[in-house]
Amino acid sequence: MAALTHTGPVAGATAPASTPRRMRTRRRQIGWAFVAPFGALFALVFIVPIVYAAYLSLFQERLVGGRVFAGLANYTKLAADPQFWDGFARVVRFTIVQVPVMLLLAMALALALDSLRLRGSKFLRIVIFLPYAVPAIVSTLMWGFMLGVRYGLFRNLNDWLGTSLDPFRPGATLVSIGVMVTWAFTGYNMLIFYAALRAVPHELYEAAAIDGANQWRVIRAIKLPALRGSLVVTIIFSIIGTFQIFNEPQILPSMVANSGITTYYTPNLYAYNLAFTGSQQGYAAALALVMAAMTIAIAYAVQIRGMKRALQD
Amino acid sequence: MATTTSRTTSRTSTPAARGRQRHTITNPRKNGTLTFFTGLFAFYCLLPLIWLVINSTKSQADFVSTFGLVPGERFALFENIAAVFTHDDGIFVRWLLNTLLYVVVGATVSTFLAALGGYALAKLDFTGKRVFLFVVLGSISVPGIALAIPQFLLFAQVGLTNTPWAVLIPSFLNPFGLYLMWVFAAQAVPTGLLEAAKIDGAGEFRTFVQIAMPMLAPATVTVLMFSFVAIWNNYFLPLIMLKDPAWYPLTIGINQWNKLATTAGNGELLQNLVITSSLLTILPLIAAFVMLQRYWQSGLTLGAVKG
């Protein structure tokens, strides 16, 4: 029976006679039948659009002559486009500050919850996760009204203190967006860390207690290493998320004046504006592909570093 | 789930392992400072929601004139709710129904396809399985927005934009759901049981539906829950795909009111609508999260073990 149970490539290669060939091919077809609906959709929604984007990125829309083949002109134009690099530098700056702050907070909160030393920990856990359920439009609205100086709490604050603080002045808007993004996603990351901590076998803590290890030692020697795998996952997802910031800078300008948000504030906002208001679809496609390539490169770099570190232990 | 139970049972069985009486490793002394700092963060999480609840009870005049964190002079919540449902010939109801359509159909189909695929990748053997998994997992790191523009252009060519299909079809695909199902099925579904079902004469599909599906329940609730939230909250995809307000989901509808509220002229009139409709949009999700947390959290635990 065992040979039938594991019809893996190795088992099949060493004992080809034991498994009837017809049955094996039938099983192979069934495996594909199970993944076929997902695979067909994947091709339609993922692969075809990427190929189409690659094709489109080779064309330019001209005032005279319409869409014309331009080779790699869109890419060379992008490489020298100060607006693209301005937005790109902005999301990189944002990522460097926001992702570590958010993940350290999420990790500290997960450790606090897992320590079993909190009162009302169930309530705290669900409250910290709640913002994840709030749509970007509602989140931007609430924060826009709270931080805005027209109707918001900051107008009240300025009235009391006689100050003129404005969280949406050009120099501060990115920080305010950071406050909004951190609000939305810390709880989600906390849950991933918390889930990883819950998976630590309890015997390890008992052994540590017998050895006389204190809390900090348990955190350093048991809990932090247990978080390594989920840290790689959360870093990758957070970078993917911050690289495609779009909702906040797209919605905010209709709420607050003079926030310094330009049409090219983030690469995604720029791509959107190029494609839908500037009708430069080829250029937008090139931009989208370049951003996707950079995101994948960074995600893989993080993954490989994370795996290397895991192997060294 | 297994670790959760082992920890709670040992709470009662483990004697005081360290010096202090009654306090064990599984039931340590509560820490006030730690609770305070975690509570502080929880306050940051709750503050905007408290603001939303308070301000949805205010009339438009009170919203503009009174302090943001205290109730207005008049309790206008029910007036506001009535206004949300009747404004513009009750288009909010249409947006709500659209959202329900996108969410129910999208989340159900995407979760079923992810379960089917994840189960097959974990438990069935077929050539090209690794390549398939590798390509799908690789796709998770491609930013969704990078795809949306070519998706729009493709859908426009075949005439799907401005129809519900433009929002539904992309939401049927959930690569991360497939990943979770794969990890979960590999751990939670015993291969021997599947073999036994097949010996008893069940076909592959029947084995999947009757034997494997019930065992995949925690992962199914998790994936369903997260795709539910993702589709309910989706903003970018419907923004580019839909032009006709009759097909808008709530997120795009609210933003349209928000834009009207801030443009000069009839500006001041709509903010209570925007705020109250925002509250009505997030309430169902928050209720679902709180009620179902036991189920989806156990699924997340099993997903995170391997991650």
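Owing to the predicted nature of the structure, the values given are computational and were not obtained by experimental measurement. Order of the sequence lines fixes the chain letters, A, B, ..., with proteins taken first and strands second; residue numbering starts at 1 for each chain. All heavy atoms count here, side chains included; hydrogens, waters and symmetry mates do not.
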Could you check which of B:L47, B:L194, B:L178, B:L69 has the highest count of heavy-atom pairs closer than 4.5 Å to chain A? B:L178
Locate the shortest heavy-atom distance separating A:M146 from B:P48; write the atom from each residue and the value. SD-CA, 3.6 Å
Where on A:A299 is there a heavy atom nearer than 4.5 Å to chain B: the side chain, the backbone, both, or neither? side chain
For B:F155, which atoms come within 4.5 Å of any heavy atom of chain A: side chain, backbone, both, or neither? neither
Best-contacting candidate, A:T295, A:I210, A:L231, against chain B by heavy atom pairs under 4.5 angstrom: A:T295
Let me know if A:L118 has heavy atoms under 4.5 Å from chain B in its side chain, its backbone, both or neither. both
Segment of B:F152 engaging chain A (4.5 angstrom heavy-atom cut-off): side chain
Bottom line for A:V48: the part with an atom under 4.5 Å from chain B's heavy atoms is both
Looking only at B:V274, B:T38, B:L113, most heavy-atom pairs under 4.5 Å shared with chain A are made by B:T38
Please determine, among A:V51, A:L124, A:L289, the option with the most heavy-atom pairs under 4.5 Å with chain B. A:L124
Checking heavy atoms, do the side chain of A:L56, its backbone, both or neither come under 4.5 Å from chain B? side chain
With only heavy atoms counted, which part of B:F176 is less than 4.5 Å from chain A, the side chain, the backbone, both or neither? side chain
Check whether A:I240 gets within reach of chain B through its side chain, its backbone, both or neither, counting any heavy atom under 4.5 Å. side chain
Given that the side chain runs from C-beta out, which part of B:N55 has a heavy atom under 4.5 Å from chain A: side chain, backbone, both or neither? neither
Turns out that what part of B:L116 lies under 4.5 Å from chain A's heavy atoms comes down to both
A:Y300 atom OH: more than 12 heavy-atom contacts under 6.0 Å: yes
Side chain from CB out, backbone as N, CA, C, O: work out which of these in B:F228 comes under 4.5 Å of a heavy atom of chain A, or both, or neither. neither
Using non-hydrogen atoms only, which part of B:L279 is less than 4.5 Å away from chain A: side chain, backbone, both, or neither? neither
By a 4.5 Å heavy-atom criterion (distance strictly below it), what part of B:Y119 contacts chain A: side chain, backbone, both, or neither? side chain
Using a cut-off of under 4.5 Å on heavy-atom pairs, state which of A:F145, A:W143, A:Y132, A:F237 scores highest against chain B. A:F145
